[in-house]
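Here's the structure we're looking at; comments come further down.
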Amino acid sequence: MRIDIATLFTDMCDSVLGESIIGRGIKNGFIEIYTHDIRKYTENKHRRVDDKPYGGGTGMVMQAQPVYDCVSAIIAQHKTRPRIIYMSPQGQVLTQAKVRELAAEDGLILLCGHYEGIDKRVLDELGAEELSIGDYVLTGGELPALIVADAVARLQKGVLPNEDAYSIESHYNGLLEYPQYTRPEVWRGRSVPEALLNGDHKTIAEWQARESLRVTAQKRPDMYKTYIDSQIDEFRREFLAAKNLPDDTEIAGIFHFEISEYWANELLKLILKGKKRATSSSLAAYKIEGDALPVKGQYSIVTDWDGVPRCVIKTTAVRVLPFKDITFELAAKEGEDSSLEEWREKHVSFFTEEGAALGYEFTWNMPVIFEEFRLEYKKHKEEK
Ligand code: SAM
């Protein structure tokens, strides 16, 4: 890939591009980056490249002629027309998704403005797209162009040691990266998390995946919501395609069981193994929360505690009966307990706790919704 930066300050760019990882990437031929001095193209005998703005106002505007001639000379050096990008606070704001898109191009020209900016006519003539690095204003386009060049260059093959070096990093897949640690193992009484020390790749990968979700939810709830929504959307589409169901098939609910992380994930495991095939809930809780009662035949997506979709269940039977009338034959379908006493003990405690939080009181005559379901779909990789 080739990147050309058109600027009035080539030294500023060259000093950065010669250093560190990008500098080595250029030296080793994994990416070509050239800087071009717009001033060299001016036809003005005093080498001026700017003039006062029409309509008045402070500041100067970069003129069309030198910019046009500089960019045209660069285009002539490319086999196919490169994408022309004007660094501008008015442009679309740069994201990692945009960086990936730009990294797939053969050539980019990054045009740096200065002063009040560039005469609009030359931007129109060149068909330049505008790209911003954030909603604030800098004195010139050089730092923004260097940011784009750096972000795009590190995705070129060979610049980083391998694809893992960027594909697991923040933003690449819509999440932030998990925390990093290095030696010593204990520093000022703070230890490296246990999961990273045992050398078991599976445990480490699971810890990293969990931390990545946790860190994103904590630091960037906006990103987390977008990520989870996209995961649900993708999972729903996979499920409908796998079962040959129409696109408008209703998914009645998206939820995890239980009100604690441990139990939400434990019950999910039982569902995935086909051991848990029923659930009981308080009718009062449904009424207080304004939820519709489950209906035979409906589909629901079950997530883990973090909200990541893991399977689809289909409701096969729904009955409402007093708590005391639940037999072990029914309770056993919940897959958690080995006797009715155990089931009752756990559920009395759950309903008492939930009742205190929601505002209902547990009694032995309390109506319970007993919903039976079957595991309808899970991801292929869950099957082992
Ligand atoms: N008058 C312009 C405006 O209000 O939109 C701002 C011009 S700015 C002072 C000068 C140059 O810095 C711009 O032409 C652009 O190339 C660059 N620049 C400033 N902020 C930028 C940002 N957030 N992203 C990309 N380029 C920026």
Side-chain angles (χ1 to χ4, degrees), residues 1-17 19 22 31 33-44 47-75 81-105 107-155 170-171 220 222-223:
M1 179 187 197
R2 172 173 166 167
I3 299 177
D4 294 272
I5 301 178
T7 167
L8 293 174
F9 300 94
T10 50
D11 288 350
M12 185 173 167
C13 299
D14 291 336
S15 64
V16 173
L17 294 168
E19 295 289 334
I22 305 301
I31 178 136
I33 308 183
Y34 303 100
T35 55
H36 306 266
D37 185 357
I38 296 172
R39 199 176 296 277
K40 277 197 187 144
Y41 293 85
T42 180
E43 288 168 356
N44 181 285
R47 299 193 73 223
R48 283 188 61 170
V49 288
D50 57 350
D51 212 327
K52 287 192 273 238
Y54 277 110
T58 44
M60 304 292 270
V61 175
M62 285 171 68
Q63 290 172 295
Q65 177 274 316
V67 170
Y68 185 77
D69 288 355
C70 175
V71 173
S72 300
I74 301 169
I75 294 171
R81 190 180 165 89
R83 229 160 124 170
I84 302 168
I85 295 174
Y86 169 46
M87 302 314 306
S88 156
Q90 300 182 13
Q92 183 193 349
V93 176
L94 186 68
T95 59
Q96 188 65 25
K98 187 77 184 174
V99 170
R100 284 170 77 170
E101 178 195 315
L102 297 178
E105 297 284 338
L108 294 178
I109 298 178
L110 305 179
L111 175 56
C112 306
H114 229 86
Y115 320 117
E116 281 311 307
I118 298 180
D119 189 317
K120 180 178 185 296
R121 293 168 298 179
V122 66
L123 300 173
D124 292 343
E125 183 72 20
L126 290 168
E129 30 181 320
E130 295 184 43
L131 187 61
S132 166
I133 57 154
D135 291 340
Y136 43 83
V137 177
L138 302 169
T139 55
E142 288 70 25
L143 291 173
L146 289 167
I147 285 170
V148 173
D150 184 297
V152 166
R154 65 193 289 287
L155 299 193
S170 297
H171 300 287
R220 290 288 303 273
D222 56 326
M223 265 176 75

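Note that the coordinates shown come from a computational prediction; the quantities given were computed from them, not determined experimentally. Whatever order the structure lists ligands and atoms in, that order sets their numbers, starting from 1.
Applying the side-chain hydrogen bond (donor to acceptor under 3.5 Å, both in side chains) rule to Q92 yields the partners K98; only residues at least two apart in sequence or on another chain are considered.
Under a 4.0 Å criterion applied to the non-hydrogen atoms of V137, ligand 1 contributes the atoms 8 (S), 9 (C), 20 (N). Taking every heavy atom of G141 and a limit of under 4.0 angstrom, the matching atoms of ligand 1 come to 12 (O), 16 (O), 17 (C). Listed by atom number, the atoms of ligand 1 under 4.0 Å from Q90 heavy atoms are 3 (C), 5 (O). Against a heavy-atom cut-off of under 4.0 Å, P144 is close to the following atoms of ligand 1: 25 (C), 26 (N), 27 (C). Applying the 4.0 Å criterion to heavy atoms of G113 picks out, from ligand 1, the atoms 11 (C), 14 (O), 16 (O).
No N or O atom of G117 sits closer than 3.5 Å to an N or O atom of ligand 1. Annotation: I133 places an N or O atom under 3.5 Å from an N or O atom of ligand 1; distance criterion only. Not a single N or O atom of L111, backbone or side chain, sits closer than 3.5 Å to an N or O atom of ligand 1.
With hydrogens and angles disregarded, a donor-acceptor distance shorter than 3.5 Å links the side chain of Q65 to the backbone of E43. Without hydrogens or angle criteria, T42 side chain to R48 main chain gives a donor-acceptor distance under 3.5 Å.
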Side chains of residues 126-138: which donor-acceptor pairs under 3.5 Å do they make with residues two or more places apart or in other chains?
from	atom 1	to	atom 2	distance (Å)
E129	OE1	R83	NH2	3.3
E129	OE2	R83	NE	2.6
E130	OE1	S88	OG	2.7
S132	OG	G134	N	3.0
S132	OG	G134	O	2.9
Y136	OH	I133	O	3.1

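Around the OH atom of Y68, the shell of radius 6.0 Å holds no more than 12 heavy atoms that belong to other residues, nucleotides or ligands.
Of the protein's heavy atoms, L138 N, 3.0 Å lies nearest to atom 20 (N) of ligand 1. Ranking the protein heavy atoms by distance from atom 27 (C) of ligand 1 puts P89 CD, 3.6 Å first. Of all protein heavy atoms, the one closest to atom 14 (O) of ligand 1 is Y86 OH, 2.7 Å. From the protein, the heavy atom lying nearest to atom 1 (N) of ligand 1 is E116 O, 3.0 Å. Among all protein heavy atoms, the one lying closest to atom 23 (N) of ligand 1 is Y136 O, 2.8 Å. Closest to atom 25 (C) of ligand 1, if we only count protein heavy atoms, is S88 N, 3.3 Å.
Side chain to side chain, T10 and D37 fail the donor-acceptor criterion of an N or O pair below 3.5 Å.
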